[in-house]
Every structure is written in structure tokens, then in C-alpha cells.
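Below: the structure, in C-alpha cells.
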2 protein chains.
Amino acid sequence: MNLRDLRYMIALAEHRHFGRAAEACGVSQPTLSVQLRKLEELLGITLFERSSKAVAPTSACDRLIGHVRGAVAEAEAILAVARDLRDPLAGRFRLGIIPTLAPYLLPLVFAPLREALPALEVEPWEDQTNALVERLRAHDLDALLLATEVEGVDLASRTLFAEPFLAALPPDHALASRDYVVEAELARDILVLADGHCLRDQALAACGHSGALGGALRASSLSTLLNMVAAGYGTTLIPGLAAGAAQDAGIVLRPLAAGAGRTVRIAWRTRFPRAAAVEAVGAVIAARLRGFAEGSAAGMTWVSGAGRDA
Amino acid sequence: MNLRDLRYMIALAEHRHFGRAAEACGVSQPTLSVQLRKLEELLGITLFERSSKAVAPTSACDRLIGHVRGAVAEAEAILAVARDLRDPLAGRFRLGIIPTLAPYLLPLVFAPLREALPALEVEPWEDQTNALVERLRAHDLDALLLATEVEGVDLASRTLFAEPFLAALPPDHALASRDYVVEAELARDILVLADGHCLRDQALAACGHSGALGGALRASSLSTLLNMVAAGYGTTLIPGLAAGAAQDAGIVLRPLAAGAGRTVRIAWRTRFPRAAAVEAVGAVIAARLRGFAEGSAAGMTWVSGAGRDA
DNA sequence: AAGCAACGATAGACGTTGCCAATCGTCGCG
DNA sequence: CGCGACGATTGGCAACGTCTATCGTTGCTT
């Protein structure tokens, strides 16, 4: 059975005239005649009672026409929906973001994304790197914002911006009076996030820490970490975009001497068909962060500017 | 777009494997591969993300698959309904019957019809001959039970049985003492039905009446006519099948000398596709009436038997 | 009564489509 | 590095849909 034949059937039921129905379908009268006879043979029933005077649908035709219209309507719907889905810059876009980035980056880029890609419904999903990569591979997410490289030929990524780390100190800390802090100086009393956060490993690596922290507390979120530093429990490294939140918590921030930092990138499946959407989202984020990146080697731009010029 | 391609799409969405999906569809893997690519090109969107490891439906595919399943389901429904409609001896059968026949014939044939044609839903429609023929030509009815011939090459008919007329007399009427009544003797005080009833013309013709009845009353139904005769207003001719009702009304019935009567036939459109149903209905009715027809020339069978042996 | 017009059915030719078997290219694994 | 699994590609073939031209029937008109 063919959708075309069903359209012929509908046309004939409406026009009750082979010639005019054929014209409405854009085919010749013999074509419609032959195809309709085939359909009747396939179904094993007579759909139309032909006479020299008029063509009339049989009761069987009346019983079937509803389903026939339904099938054709669904086919039309498929085409219509497909037309809407054709734009890769439209529709849902599930974007995974790591927890140390999401609360500080999203407020910055939400408005620009809405403006540049109004048809794209960006749905953020916050989780740690490993979980995000897993969900990306499982097609549960369309792209990720990470601070690490991705592994495997099935995944690809593009750098969006470089984000320097800053030393986060209690106001009364010995290092708080310095203009710059050497990364290794933080190793003694550094506080870090729980396992699984990429920022934990990167912070430890930046300050040359062995990784064996003994009984040191591991914060479950950057927000917790900041409050602990503010309370004088120790120091930490925070990503530049969190500078605003840190300052609000009453923490002293200082640039790092060696310019330690991380690279934020957008990652996606190599075969993902909506590469254009990934590219567009990445471009918007990179453009939004370009101002922050200038002169960021020194880190001062981030300390004074991040989260303040929106 | 083709229903076949939509089935391929569903299979691939379910199996997530070209080879197995193709096997499920009964085609080779290249066939499914090519057809699916064509479908994607037609829709302008990628439906499946292929990798060496796995095949995954895209979000666009997820959005479309509902409509796709809907279209295929409607197609299946068409086939299923058509299968039920294939039997010409099943389904609605709209049967027009004239008012002087319906009340007396239907009770006789309803049970036999249900028994012989259990799947046929016979829907009686009572009206006068002209209206019935009009509705038959308009495809509002499937067949008619008439007492007249039908005209036109578009219609055909078959004789079912011969039905004699009987003289209906008030018990105290002068003719009531006779064994037989000569038709012409009724002309003097005959009562007839209203215009449009074929029985009216046939009764008048049988007794040689001119047709100009002056102020004579014209009954709107045979039942009314019988009550009028019973009340002594005059005489009439009734069809044999109404004998039971007439006797119940206290009317004296007498056979007619010349054996006047009418022929009941079933009529249908020449091109009507369910000729088998017409034939079957006609056969059941003819068989049921066969007993009544024997020896009906004299008319006595009908007087004593009609409506009594059911 | 004969010719004509309208209509659906039929026939033959042609281009397209769907299909299969065979093969290729890629990727992952031992 | 070879092998196996998998999807993509190719070439040939048969079936299908479509066209133009024509036929047969029917109803109307002259």
C-alpha cells in the first residue's frame, strides 16, 4: 500500500470524478484509474461504484476513508514537523556543564545565547566531568562545557576561553597582603573539592601538591569551599569566573605568579549531526568571554572585572 | 514519502542496527541503508547518528517517530478494516420496503435472515416506491423490496414471490357469504390507499375501476384501511401477507375469482458491488415465502395460513 | 435514428524506483 | 597486523508508476 494511492482515494471520494480527481492529484486520468483499481484489488473490496453518470463511494469506502485521511494527515505532519526540525539552530539543545563553571558562566551567557540563537532551547545539565561524558556518549546530552580535554575518537572539542585561577585567602591570612601569590605557597593549607571535580585535581597540580591530603576536608561545591575559606579554615584556588562570588563572601583574591589556570572547552560527539548548533553556542560563549580574557595572564582583570560588568 | 520507508525508520529506531532492522523488514541491509538515507534527504534532517559502534536516533527522530508510528498504524487499520469489509455478506445492508409489505413480511423473514446471514446487519427503511427508488439511486439504500417493476438500465430486479390479493369484506357485507368474489364486484364500494401507494393503483386496476373515485376516502396505511373495512365503510383488496392482520381485525376474506395479485421483487443498482448480498437476501426471502406460494392461485392457502405458521 | 460528447477502462512504451549481491571503508579487538 | 563487525557504495535487474493514444459505453442532441 502506498500513501500516494491513499491520496488518490481521498481525491476521488471528494471529486467523485476520475478526471477532476486526477487533475487535483497532478496525474493523468488513466493513472488514477489504474492505481485505484490496484488499491481495490489489494484491499479486496470495491471502493467506488462507477457508472456512466457518476462515481459514488461505497459504504466500505466510507468506513475506510477516516483511516485513510488519518494516514495521510500523519504523513503531512511528518513533513511539517521535519520542516521545523530542519534548522540545526532550533529546538532543544542539552548542554552539560561542570559544577565549578555552571553557576558563574551561565548567568553571563544566557542572555547572549537567547539573543543570538532565539530558536535554540538550551537546557543546562550540571554534573561532574565523568558523568557528563558518559551522558554525552549515551546521547542524553548534545554538548558539554568542560575544563578538560576529552578522550576518544568519537568525541571532539574546541577551546572557548582560558580561565586563570586565583588565590582565595581569608582576609587575615599571611598571603593576603601580597600583590601576587606563588602557587606553591598555597600548598600548605589548601582546601579542595571532593573527588570527581576536575578543579580539585587541577588546583592540587597547580600548587605542586602531592595529592595525599590526609584528613583535609573535601568540599562538595565551590560555594561551600568559598564559605570555608571566608571562615578562615584555609586557602584555595578558584576559577576566575567565581571571583565575584568569592568577593561577595568576603574573601581576598590574589593573582597567581605562574598564571595557573584552566581552559574551558565545548565538547561533542564527532558524529553529532547538529554540529552547527555546537559551533554557534561555542561562538557565542567565546565572544562573551573575550573581554574577560584580555590581559588575563596577570589575573587582575578577572579579580576586578568578573561578574561585575554584566 | 512512502509507508515502506516509514516502516524502515521504525525498525531502525527499535533495533538500532541496520542489519537486524533490515532482517526484521525482510530486506537486505543495503536496501534499508539506501532507503533510509533517501528519507533523511527528503525530510532534510538526520534521523540517525551512525557510528561504528552503534546507531542512535537523533532528537529529531524522536520527535518524528510518533507521527511515523501513527501513519503506519493507520495503514494497518486500513488493511484490518478492509479485511472485515471484504465479505459482501457482512456489514450494513440498507433495505427499502414499501409500507404495504413491510409490516407483514418483515416479521416473517427477520429470523431466517439472521440465521442465514448472521453477519449482515439488515436495516429496513419504509417508504413509498418512488421515494425508495430515489434513495436507491442516491446510494442511500442498497436494495428495495417492491411490488412493481423498476425502470432504467441502471437498476435491476429479481422476482421473489407472487402474492395474491384477497377481497376484504365487512362480516355483514353481501359478498361475505360467497366462496369466491369476482374482482369487478368490489368496484362499487372499494376503499383504497392514498396516492403514491402502488397497492392503490393495483387494487383499482384489478377490479376494473376507472380511477376517478370522487370523494372516496384515501387511507394513509393498510392498517387504517382494514379498520375502515371492519367498521363497515366498504370493501378493499389486501395483499395476501396481510391476511392475518385482517382476520385479527374481524374482517372476512375471500379469494378472488381471477386470481389478481402482485409480484414482490427485490431491486438494486446494476453496478452495486455487493450483488452477492442482494442475491442472498432475496434467496432467503423467496425460500421463506415458498410455502405460502403453493396453491396460491386459489388464494385459500393465504387466507388460512398467512401469519399463522411462524 | 444517427452523430457527438463525456467518461472511465485499456494497451503499449518509457523512465524511475526499489531491490539484491558483491564489494568497499572504517573501526575495534586479539 | 590481520580479522571480524558494520554501515556505505556500486551495478545490474525486475517491478512499478506514469504517460499518450485509443476503446467501449452511455446519454444527449440534431
Side-chain angles (χ1 to χ4, degrees), chain A residues 1-9 11-43 46-58 61 137 139 150-156 269-273, chain B residues 1-43 46-58 61 137 139 151-156 269-273:
Chain A
M1 187 163 49
N2 198 315
L3 280 169
R4 193 192 320 111
D5 300 338
L6 300 185
R7 289 184 219 273
Y8 294 164
M9 177 175 161
L12 188 54
E14 283 176 354
H15 289 90
R16 305 189 171 210
H17 186 286
F18 276 76
R20 283 190 284 278
E23 189 182 9
C25 293
V27 296
S28 69
Q29 171 263 316
T31 296
L32 190 134
S33 202
V34 169
Q35 291 308 111
L36 208 100
R37 182 161 296 279
K38 283 188 183 175
L39 180 61
E40 286 181 328
E41 283 169 11
L42 174 74
L43 297 179
T46 303
L47 295 173
F48 295 92
E49 193 177 319
R50 290 96 155 152
S51 78
S52 57
K53 199 67 186 174
V55 176
T58 62
C61 182
R137 283 204 163 97
H139 295 74
V150 290
E151 290 182 1
V153 289
D154 57 331
L155 300 183
R269 296 186 303 278
T270 314
R271 315 264 191 167
F272 184 56
Chain B
M1 189 163 47
N2 199 314
L3 279 169
R4 193 190 320 108
D5 300 339
L6 298 185
R7 289 184 219 273
Y8 293 165
M9 175 173 161
I10 293 174
L12 188 53
E14 283 176 354
H15 290 88
R16 306 192 169 206
H17 186 287
F18 276 76
R20 283 191 284 277
E23 189 183 9
C25 293
V27 296
S28 69
Q29 171 262 316
T31 296
L32 189 134
S33 202
V34 167
Q35 291 307 112
L36 207 99
R37 183 161 296 279
K38 283 187 185 176
L39 180 60
E40 287 182 327
E41 284 169 11
L42 173 74
L43 297 180
T46 303
L47 294 173
F48 295 92
E49 193 176 319
R50 288 94 155 157
S51 78
S52 58
K53 200 68 186 172
V55 176
T58 62
C61 182
R137 284 204 163 95
H139 294 74
E151 291 181 1
V153 290
D154 57 331
L155 299 182
R269 296 186 301 278
T270 314
R271 317 265 190 164
F272 184 57

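We name chains A, B, ... by the order of the sequence lines, and we start the count at 1 in each one. A quick note: this is a predicted structure, and the numbers were derived from the prediction, not measured. Any value given below was found using the heavy atoms of this structure, including those in side chains, with hydrogens, waters and symmetry copies removed.
Nucleic acid contact for B/F48: none, since no nucleic acid atom lies under 4.0 Å from a heavy atom of the residue. If you check every strand for non-hydrogen atoms under 4.0 Å, B/G26 touches sugar and phosphate atoms only.
Judged by closest nucleotide on DNA chain D, A/S28 is the one of B/R271 and A/S28 placed further toward the 5' end. Checking A/D5 against B/V34, the closest nucleotide of DNA chain D that is more toward the 5' end is the one next to B/V34.
Between the CG atom of B/D154 and the P atom of C/dG8 there is a distance of 16 Å, given to the nearest Å. Atom CG of A/L12 is separated from atom C1' of C/dG8 by 11 Å (rounded to the nearest Å). Remark: C1' of D/dA8 and NE2 of B/H17 are 14 Å apart, rounded to the nearest angstrom. Regarding A/Q35, its CD atom lies at a distance of 12 Å from the C1' atom of D/dC19, rounded to whole Å. Taking atom CG of A/L36 as the reference point, atom C1' of C/dG8 lies 12 Å away to the nearest angstrom. For B/M1 and C/dT17, the CE to P distance is 16 Å, given to the nearest whole Å. Summarising the geometry, the separation between CD on B/E23 and P on D/dG7 is reported as 13 Å, rounded to the nearest angstrom. If you take CG of A/N2 and C1' of D/dA15, they are 13 Å apart, rounded to a whole angstrom.
Taking 4.0 angstrom as the limit, B/S33 places a side-chain polar atom (N or O) nearer than this to OP1 or OP2 of D/dA8. The shortest distance between the side-chain N/O atoms of A/Q29 and the OP1/OP2 oxygens of C/dG8 is not below 4.0 Å. In this structure, A/R50 does not reach the D/dT25 phosphate: none of its side-chain N or O atoms is under 4.0 Å from OP1 or OP2. For C/dT17, the OP1/OP2 oxygens have no side-chain nitrogen or oxygen of B/R4 closer than 4.0 Å. Between A/T31 and the phosphate of D/dG17, there is no side-chain N or O to OP1/OP2 separation shorter than 4.0 Å. OP1 or OP2 of C/dT10 lies within a sub-4.0 Å distance of a side-chain N or O belonging to A/R37. A close approach under 4.0 Å does not occur between any side-chain nitrogen or oxygen of B/K38 and OP1 or OP2 of C/dT17.
Remark: B/K38 NZ to B/M1 CE distance equals 15.0 Å, nearest 0.5 Å. For the atom pair B/Q35 CD and B/C25 SG, the distance stands at 11.0 Å (nearest 0.5 Å).
A/T270 and A/V153 get closest at one heavy-atom pair: OG1-O, 2.9 Å. For A/E49 against A/T58, the heavy-atom pair with the smallest separation is N-CG2, 4.0 Å. The minimum heavy-atom distance between A/V55 and A/H17, with the atom names listed, is CB-N, 4.4 Å.
Here the nucleotide nearest the side chain of A/R20, chosen from C/dC7, D/dT18, C/dA21, is C/dC7. Among the nucleotides D/dA21, D/dT18, C/dC19, the one closest to the side chain of B/V27 is C/dC19. In the set C/dG28, C/dT10, D/dT20, the nucleotide with an atom closest to the side chain of A/V153 is C/dG28.
Crowding of A/Q29 atom CD: a count of heavy atoms from other residues, nucleotides or ligands under 6.0 Å exceeding 12.
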